[in-house]
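Note that ligands are numbered from 1 as they come in the structure, with each ligand's atoms numbered from 1 the same way.
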Amino acid sequence: MQLKGRDMLSLKNYTKEELEYLIDLGIKIKKNPEKYYDVLKKKTLIMLFEKSSTRTRCSFEAGMAQMGGHAIFLDWQSSQLSIGAELKDEVRSMERYCDVIAARVKKHKTIREIADSVKKPVINMLCEKYHPCQGLGDMMTIKEHIGSLKGKKLVYTGIANNVSNSLVCAGTKLGMKVVLAIPEKDPDAVDVELEKKAKATGLYEETKDLKSAVKDADIVYTDTWVNIEFMKDPKFAAEKERRMKTFMPYQVNAKLLKDTGSHAKIMHCLAAHVGYEITRDAIDHKNSIIFNQAENRMHIQKAILVSLVG
Ligand code: CP
């Protein structure tokens, strides 16, 4: 599979075969990491963060180090971008020092601008519309835990957002039934074209009835309803209150699985607001594969880096 030099701004431009190749490579690397110890020797990744992160930063950095390469962390606020330097000039400078650029940005147009300004591959580490590394890592985790993706049912509940977009995109391409059990969508994340393509597969559904959807689900997945940086912001208090009322019936908890007789695995991309979209008894439930998801971010990103750069 020839993916060298490609960007990964979303999963929309990746075929079913390419996604399958990356997932299988992630699993292969996870099983035999020592075989890949030198594949990115002398290679450098520059990671630019406009937003905070725990898993993404650590997993990319650890992944590069484990494959013989090096990752540079650059916080937007401590770079010259904070004093008004033009993004295209900053990233054109950065690409002179590295082999690949990854960025976490507030707006998709920013990652698009980075990709249009440089010749090196660019990876989206999250924007308001997509989280491709998360979506692909989650597909890897599902494959590992339930054996295959085709014909399996993933129910995503909470607010439709960047993560659900990547799950819908990858899941429907890979033959999964993806059901959004949601009261509303994050308007910033809506991608009409992606939804249209997902609907055309016959594998995409939306419902407000979480309990019915979860009964025969293989996976129940949720994510935060309140953007992490707004959680403690007094300016966001009224909206936070409104969302609590709207979304609380969509909470993932142990009772939901018990009441519906569901055997679904529980997934969450983290960071979680415990007691809001998910309870502690769901995170620590015997069906929870949440920390395997977190681990697999590193393995899938190794597969992505090896394929785009190595
Ligand atoms: N899931 C995820 O992207 O985690 P971070 O926001 O901590 O990087």
Discussion item. As a quick check of understanding, evaluate side chain to side chain donor-acceptor pair (under 3.5 Å) for His273 and Thr224, giving each step before the final call.
Written reply: CA-CA 6 Å; His273 288 126; Thr224 181; 2.7 Å; yes

The protein heavy atom nearest to atom 7 (O) of ligand 1 is Thr54 N, 2.7 Å

Atom 6 (O) of ligand 1 sits nearest the protein heavy atom Arg104 NH1, 2.9 Å

Atom 4 (O) of ligand 1 sits nearest the protein heavy atom Arg55 NE, 3.0 Å

Quiz prompt | Ion pair Asp89/Arg92, N-O distance below 4.0 Å | solution = yes

> Looking only at heavy atoms of Cys269, does any of them come nearer than 4.0 Å to an atom of ligand 1?
Replying inline: yes

With heavy atoms and a 4.0 Å threshold, my read on which part of Gln134 contacts ligand 1 is side chain

- Assert yes or no for the condition that the ring centre distance of His268 to Tyr221 is strictly below 6.0 Å. no

Ligand 1 atoms nearer than 4.0 angstrom to some heavy atom of Ser53 are 5 (P), 7 (O), 8 (O)

Test side-chain contact (heavy atoms from CB on, under 4.5 Å), reference Ile23, set His299, Met140, Glu144, output is Met140

### Task
Answer yes or no for Lys51: is there a heavy-atom contact with ligand 1 below 4.0 Å?
no

- Please confirm whether His131 comes under 4.0 Å of ligand 1, counting heavy atoms of the residue only. yes

Checklist entry - Angle class for the Phe49/Phe73 ring planes (parallel below 30°, perpendicular above 60°, tilted otherwise)? => result tilted

Cation-aromatic face contact Arg6/Tyr14, 6.0 Å, 45 degrees = yes

Notebook entry, point to check: Counting distance only, does the side-chain N/O of Lys129 pair as donor-acceptor with the main-chain N or O of Asp188 below 3.5 Å?
Noted result: yes

The answer for which part of Leu270 has a heavy atom under 4.0 Å from ligand 1 is backbone

Under 4.0 Å from one or more heavy atoms of Arg297, ligand 1 contributes atoms 1 (N), 2 (C), 3 (O)

